**Q** 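This structure is in C-alpha cells; I'll ask about it shortly.
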Amino acid sequence: MCGILGSINFDFDNSVLDTIKHRGPDFGKITKYNKKDLVCFGHRRLSIVDLSESGNQPMETKDEQYSIIFNGEIYNHLELRKELEEVTFNGHSDTETILNYIAKKGINCVSDFNGIFAIGLLDNINNKLYLVRDAFGVKPLYYYISNDQLVFSSEIRPIKKMISTKLKVENLAELLKLRYNPAPETLYDNIKKLRPGHILEFDLNTYKFSITSFIMSVSINKNATLHNAIDKYGQLFENAIKRQLMSDVEIGTLLSGGVDSALVTYFAGKNLDYKIKSYTVGFEEENPVNELIYARESAAILNTDHHEILLTQDDFVNGLKKISQIVEEPLGTTSIIPMYYLNQEVSKSLKVVLTGQGADEPLGGYDRYKGEIFRNYVPNILFDVAKPFSGLIKNEIISRSLNSLGESDIIKRFENVYSLFSDKEILKLINSKDVNSYAKIKYFYDLLDCKSKESAEAMMSIDTRMNLSDDLLIYTDKVSMNFGLETRVPLLDNELVSYIETLPYSLRIRKGVGKYIHKEFAKVVLPEKIVNRKKLGFQSPTNKWFKEDLGSYYINELNKCESNFFRVFDKKEVVNLFKTHRSGVNKEKQIFLLLSIYYWFEGNQEA
C-alpha cells in the first residue's frame, strides 16, 4: 500500500513527492525516463508484502521495456505467478508479479487482478503510459492532462503543486445533489478522477489519450435457490477473507456492532494463528448511534483483543477542518469524523486492518432498494397524489422517496433518490444548476447493462461502482493512509461480488430484510443477537449537536467569516439551513456537507 505520483513533461522532486509521504513512510524514490519525453515516476512505500528492497518501486522489467508504480494489493498474485514460470523473480511482492504479468499478457489482463489498485505503467518501447483503477475504486487515482503534459497521483495535493487550477461551479452543483463528486469529476476545473474499472491510455507519440473499461456486466441467474446460494456464498466469503490475510505484518479488524464486521472478524480470527486485535469507536455521551456496547459484546463472543476509542463534541469541532483537508474532496458523510480518530488509534499498533465496508451496496442493505421493489406493487398515480405533500414530511428518507418513486424515467428516479439537495435548493444556495448527475448515473446504467435487470438490482450495481467508490471508499482511503494504515475491504472481493450480482434481488432482499443471504449465512457461525441487530450505521450524533450549542457555534463562525465560500454561497440560505434543522427537519447531512465545502474553500484560496 503506497502513494504514487507520475508525470509526462513535468519535472518534480522529493519536496513534491513527500506531500504524500504519509501514504508510504517506509521508502521513497523518483525515477526519470527521458527518451522522447521526460517521464517521472515517484513512489512512497508502506511495506506490507515483501518487506525487503525487492518490493521497492518504481520497478522495471529485466528488459527495461515496462516500468510501474502501483498502490494497492493484489490478493491473487501468487496464483498469477503460476503463469509466469519463465520469470526469475527477485522477491515475493505482488508488484513484481503484476509487472511481469502485464508484460506477458498486455494491459487488459488487469481484469485478472483480484485486489485493490491504482497503477501507472510505462511501455518504453511503444511509448505509451497507462493508468488503471481497480474495479470498485477502492484506491483513488487523479490526473491532469493538457496537450503533451500529464500528471497523475493517489492524491490531489501533489498535482496542485505542479499546476494551477480553480473551482468548477457546475461540479459544485453536482456535489450538492449527490453529496460527492463521482468520477471523473472533482471540484477542480482540470483535475479528474479515473473511473473504477477503467484504463487510461496516453500515447507519447501523438499526445492523444483514450479511456476504456474492463468491467464486465453479469446476468441474473433467476434459477438460483436460497439453499445452494447460501453454501456458495459462504465458500466465497471465507475464501475472500483468506486471500486478504496476505501480509508480512500483523492484521487487525475494525469492529462495529453490526453483522458485516463481525463476520469478517470471525473468519479472520479463524484463519490467523494469533489473537486478532479489534477496534471500535463511539461517543462519550449517550446517543442512539453509539455502537460501543454492541461492539463490546461482539468482541467478547469473537474472543478478540478489543480496543475502544471515545469521542466528544470537541473532537468533532477540532477535527472537522483538518479532516476535510485530508480527504481533499468535500463529502456529506458524517462517519468521516469517527473514522479519522479510529484510524489514528489503530495506526499506533498496526499497518493493516480489515473492514466490513462494501456489503450494503451489492447485497441490498439500504432502504432505497426496498423502495424500488415497493414501487413495483404501487400504481404511479398514488405517488403523483402524494408528491405535493413530500415537502411537509420531516422524515428526510420518506420525503425523498415520495418525491422520486413516481418518476417513470429510471435514471431521473435514481437521481432523485440520491439527491441530498433538491434542484431548487441548489439554485438558491449557489445560483447554479446541476447538469452532470443524470449523465453520470446513465453511464454506469448502460455500461452494466442495467436494462436487463430489475430496477433494484440495477441500482445496487450502480451504487457499487459509483456511490461506494467516490464517497465511502475515498474517505476511508484518505483517512487511513493519512496515518500509514492499509484498510482492506474483503466484501469487495472480485469473485464474491461477481457471484452476488448474479443473484436475483429476492435472495438479497426478502420480507423487508436487506442483505438476506448474507445474514442467513452469518447465522451459521454467529449468534442471532449479532446477526439481527438493528442497523445503526457508522455515524456521529450530529443530528442532536447541530440543534444545540454546536449549531450556534457554526452559525456564529459562518456569520463573521470572510471566506471565498460566500462568494459562491448565499449566506442567508446557509444559515436558514441550521434554523430548519432546529425546527425538527433533520438536515445534518446537508449541514455537514456545507461545512466540509466551507473548509475546502479555506484550504483553496484560489477557488
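We number each residue from 1, following the sequence as shown. All values reported here derive from a predicted model rather than from experimental measurement.
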**Q** Do the side chains of E185 and K192 get close enough for a salt bridge, i.e. N-O under 4.0 angstrom?
**A** yes
**Q** Tell me if a side-chain donor or acceptor on S153 pairs with a main-chain N or O of I156 at a distance below 3.5 Å.
**A** no
**Q** Using atom types as modelled and distance alone, determine if a side-chain donor or acceptor of D471 lies under 3.5 Å from a backbone N or O of Y180.
**A** no
**Q** Quick check against the 3.5 Å criterion: does T97 have a side-chain atom that pairs as donor or acceptor with the backbone of R81?
**A** no
**Q** Can K104 and E83 be counted as an ion pair, charged N to O under 4.0 angstrom?
**A** no
**Q** Taking it one step at a time, do F117 and H77 satisfy ring pair (Phe, Tyr, Trp, His ring centres under 6.0 Å)?
**A** CA-CA 12 Å; F117 52 89; H77 87 97; over 10 Å; no
**Q** Just by modelled atom types, is the F113 backbone N or O under 3.5 Å from a matching donor or acceptor in the N494 side chain?
**A** yes
**Q** Using the six-membered ring of Y75, assess whether NZ or CZ of R488 lies under 6.0 Å from its centre and within 45 degrees of the ring axis.
**A** no
**Q** Taking only Lys NZ, Arg NE, NH1 and NH2, and the carboxylate oxygens of Asp or Glu, determine whether R23 and D477 approach each other closer than 4.0 Å.
**A** yes
**Q** Using the six-membered ring wherever Trp is involved, compare the ring planes of F483 and Y340 and label them parallel, tilted or perpendicular (cut-offs 30° and 60°).
**A** tilted
**Q** Apply salt bridge (charged side-chain N to carboxylate O under 4.0 Å, His left out) to E64 and list each qualifying residue two or more places apart in sequence or on a separate chain.
**A** none
**Q** Between R465 and A135, is there a donor-acceptor pair closer than 3.5 Å when you use the side chain of the first and the backbone of the second?
**A** no
**Q** Check this for me: does any side-chain nitrogen of one of D94 and R243 sit under 4.0 Å from a carboxylate oxygen of the other?
**A** no
